K.L.:
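Below you'll find the structure I mean.
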Amino acid sequence: MRDCLGEVRWIAGVDVGFERRNTVTRAAVAVLSFPDLELEEYAISRRPTGFPYVPGLLSFREAPAVLEALEKLRQLPDLLLCDGQGIAHPRRFGIACHLGILTGIPSIGVAKTRLIGRHGKVPDERGSWLPLCDGDEVIGAVLRSRQGVKPLFVSSGHCVSLETALQYVMACVTRFRLPETTRWAHRLASGSC
DNA sequence: GCGACAG
DNA sequence: ATCTTGTCGC
């Protein structure tokens, strides 16, 4: 995928959690300044869960609540770091692509585990990565965000190349496995904040 | 038919 | 994702 994103001043983390035995979906978006990574603002949305969890169809379950949360923001972000896959998806359209197209905001998929694709052993060194492949296609990257942790599955969402995606993800990683954007969003979506 | 399977 | 005790390592 080609890059077509402008200057990134505001970067957002997106995550979703559930309440009431999964009957309520809670989405959180955390907007951080870039490259400082200071929390600027956040929005949370709660909606009745309208779709079950089906691998490959995550967008139908989580996107509605996320879109509602995004509408509440004063400052729209220039880039979205989504919890889940971008094009590293059976039909090359994971939730990061879905949110990017629907909002027009460039996006990146940052997943904690693999959905599809094959890859080799990633060196145990911060920043090292290997391509995630499906047949002849490179659909993403397996990234060692920190030494001694399980790798992240990064892929293009909307308007961001894989190389650029890796650059932004690493720019958001400080002292933990997950980027700060995702950590904020996760904390907010978990209600512990 | 038997596994694999984002969150 | 969510539910949860103990445990290993810096």
Side-chain angles (χ1 to χ4, degrees), chain A residues 1 12-30 44-70 80-102 107-119 122 124-126 129-135 137-158 160 162 165-166 169 174-179 181-193:
Chain A
M1 176 170 293
V14 173
D15 195 20
V16 171
F18 297 89
E19 303 172 344
R20 303 268 308 173
R21 281 183 53 125
N22 293 350
T23 57
V24 174
T25 300
R26 178 187 51 233
V29 180
I44 292 175
S45 169
R46 285 187 174 76
R47 296 186 39 143
T49 301
F51 203 85
Y53 169 66
V54 180
L57 302 182
L58 190 64
S59 298
F60 296 98
R61 180 172 170 81
E62 303 191 345
V66 173
L67 292 171
E68 192 168 89
L70 282 166
L80 257 33
L81 260 56
C82 309
D83 201 54
Q85 317 290 344
I87 64 174
H89 177 278
R91 287 169 296 291
R92 308 292 182 263
F93 208 72
I95 191 167
C97 303
H98 218 127
L99 293 173
I101 289 292
L102 263 31
S107 64
I108 297 170
V110 182
K112 297 179 290 299
T113 60
R114 184 194 70 96
L115 208 209
I116 61 162
R118 297 164 44 76
H119 64 86
V122 186
D124 189 34
E125 178 191 337
R126 180 195 147 93
W129 62 275
L130 288 179
L132 177 65
C133 308
D134 186 22
E137 264 184 283
V138 174
I139 58 177
V142 190
L143 170 69
R144 191 78 69 182
S145 57
R146 300 290 323 260
Q147 187 224 80
V149 300
K150 293 189 302 180
L152 261 27
F153 293 77
V154 178
S155 58
S156 298
H158 183 56
V160 184
L162 179 57
L166 288 165
V169 170
T174 57
R175 44 190 305 242
F176 300 99
R177 178 196 181 213
L178 298 175
T181 40
T182 304
R183 282 168 41 75
W184 269 111
H186 192 285
R187 194 178 323 177
L188 293 164
S190 297
S192 61
C193 192

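Only heavy atoms go into these numbers, but all of them, side chains included; no hydrogens, no water, no symmetry mates. Letters A, B, ... mirror the listed sequences (proteins, then strands); counts begin at 1. Quick caveat: nothing in here was measured; it's all calculated off a predicted structure.
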K.L.:
If I take atom NZ in residue Lys150(A) and atom C1' in nucleotide dA6(B), what distance separates them, rounded to the nearest angstrom?
P.N.:
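These atoms are roughly 13 Å apart.
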K.L.:
Remember a base hit wins even if backbone is also touched, and classify Gly56(A) as base, sugar-phosphate or nothing at under 4.0 Å, heavy atoms.
P.N.:
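Base, at least one base heavy atom under 4.0 Å.
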K.L.:
Using whole Å, what does the distance between atom P of nucleotide dC5(B) and atom CZ of Arg118(A) come to?
P.N.:
13 Å
K.L.:
Is there side-chain contact between Val154(A) and Ile108(A), with heavy atoms separated by less than 4.5 Å?
P.N.:
yes
K.L.:
Describe the nucleic acid contact of Ile95(A) in one word from base, sugar-phosphate, nothing, applying a heavy-atom distance below 4.0 Å.
P.N.:
base
K.L.:
Can you tell me the distance, in whole Å, between the CD atom of Glu62(A) and the P atom of dA6(B)?
P.N.:
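In whole Å, dA6(B) P and Glu62(A) CD are 12 Å from each other.
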K.L.:
Separation of Phe60(A) atom CZ from dG7(B) atom P, in whole Å?
P.N.:
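Checked: the CZ to P distance equals 18 Å.
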K.L.:
Could you walk me through whether Thr49(A) and Thr23(A) pass side chain to side chain donor-acceptor pair (under 3.5 Å), step by step?
P.N.:
CA-CA 5 Å; Thr49(A) 301; Thr23(A) 57; over 6 Å; no
K.L.:
Heavy atoms under 4.0 Å, any strand shown: does Leu152(A) hit a base, just sugar-phosphate, or nothing?
P.N.:
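Leu152(A): no heavy atom of the nucleic acid under 4.0 Å.
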K.L.:
I'd like to know if Asp15(A) and Arg187(A) make a salt bridge, using a cut-off of under 4.0 Å between side-chain N and carboxylate O.
P.N.:
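Looking at Arg187(A) together with Asp15(A), the answer is no, because their closest N to O distance does not fall below 4.0 Å.
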K.L.:
Does CZ belonging to Arg126(A) count more than 12 external heavy atoms closer than 6.0 Å?
P.N.:
yes
K.L.:
In this structure, how many angstroms lie between the P atom of dA6(B) and the CD1 atom of Ile139(A), rounded?
P.N.:
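Taking atom P of dA6(B) as the reference, CD1 of Ile139(A) is at 13 Å.
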K.L.:
Quickly work out the Gln85(A) CD to dA6(B) P distance and round it to whole Å.
P.N.:
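Computing the Gln85(A):CD to dA6(B):P distance gives 8 Å.
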K.L.:
Do we see Tyr53(A) stacking on the base of dG7(B), given a limit of 5.5 Å between centres and 30° between planes?
P.N.:
yes
K.L.:
Is atom CZ of Arg21(A) surrounded by more than 12 heavy atoms (other residues, nucleotides or ligands) closer than 6.0 Å?
P.N.:
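At most 12 heavy atoms, drawn from other residues, nucleotides or ligands, come within 6.0 Å of this atom.
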K.L.:
Can you give each donor-acceptor pair under 3.5 Å made by side-chain atoms of residues 52-68 of chain A, sequence neighbours left out, with the distance rounded to 0.1 Å?
P.N.:
from	atom 1	to	atom 2	distance (Å)
Ser59(A)	OG	His98(A)	ND1	3.1
Arg61(A)	NH1	Phe51(A)	O	2.8
Glu68(A)	OE1	Ser45(A)	OG	2.6

K.L.:
If we check salt bridge (Lys or Arg N to Asp or Glu O under 4.0 Å) with Asp134(A), which of these qualifies: Arg114(A), Arg92(A), Arg118(A)?
P.N.:
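Of all the options given, the one that passes is Arg92(A).
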K.L.:
Below the 4.0 Å mark, does dA6(B) have OP1 or OP2 next to a side-chain nitrogen or oxygen of Arg114(A)?
P.N.:
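For Arg114(A), the contact criterion (side-chain N or O under 4.0 Å from OP1 or OP2 of dA6(B)) is not met.
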K.L.:
Taking only side-chain N and O atoms of Lys112(A), does any of them lie within less than 4.0 angstrom of OP1 or OP2 on dG7(B)?
P.N.:
yes
K.L.:
Taking any atom under 4.0 angstrom from a heavy atom of chain A, which nucleotides of DNA chain C are the first and last to qualify, 5' to 3'?
P.N.:
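Endpoints of the contacted stretch of DNA chain C: dA1(C) to dT2(C).
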K.L.:
Please report the distance, rounded to the nearest Å, between CG in Leu132(A) and C1' in dC5(B).
P.N.:
14 Å
K.L.:
Less than 4.0 angstrom between a side-chain N/O of Thr113(A) and OP1 or OP2 of dC5(B), yes or no?
P.N.:
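Answer is no, no contact under 4.0 Å.
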K.L.:
Just call it for Gly17(A): base, sugar-phosphate, or nothing, with non-hydrogen atoms closer than 4.0 Å on any strand.
P.N.:
sugar-phosphate
K.L.:
For the pair made of CZ in Arg61(A) and C1' in dA6(B), what is the distance, rounded to whole Å?
P.N.:
12 Å
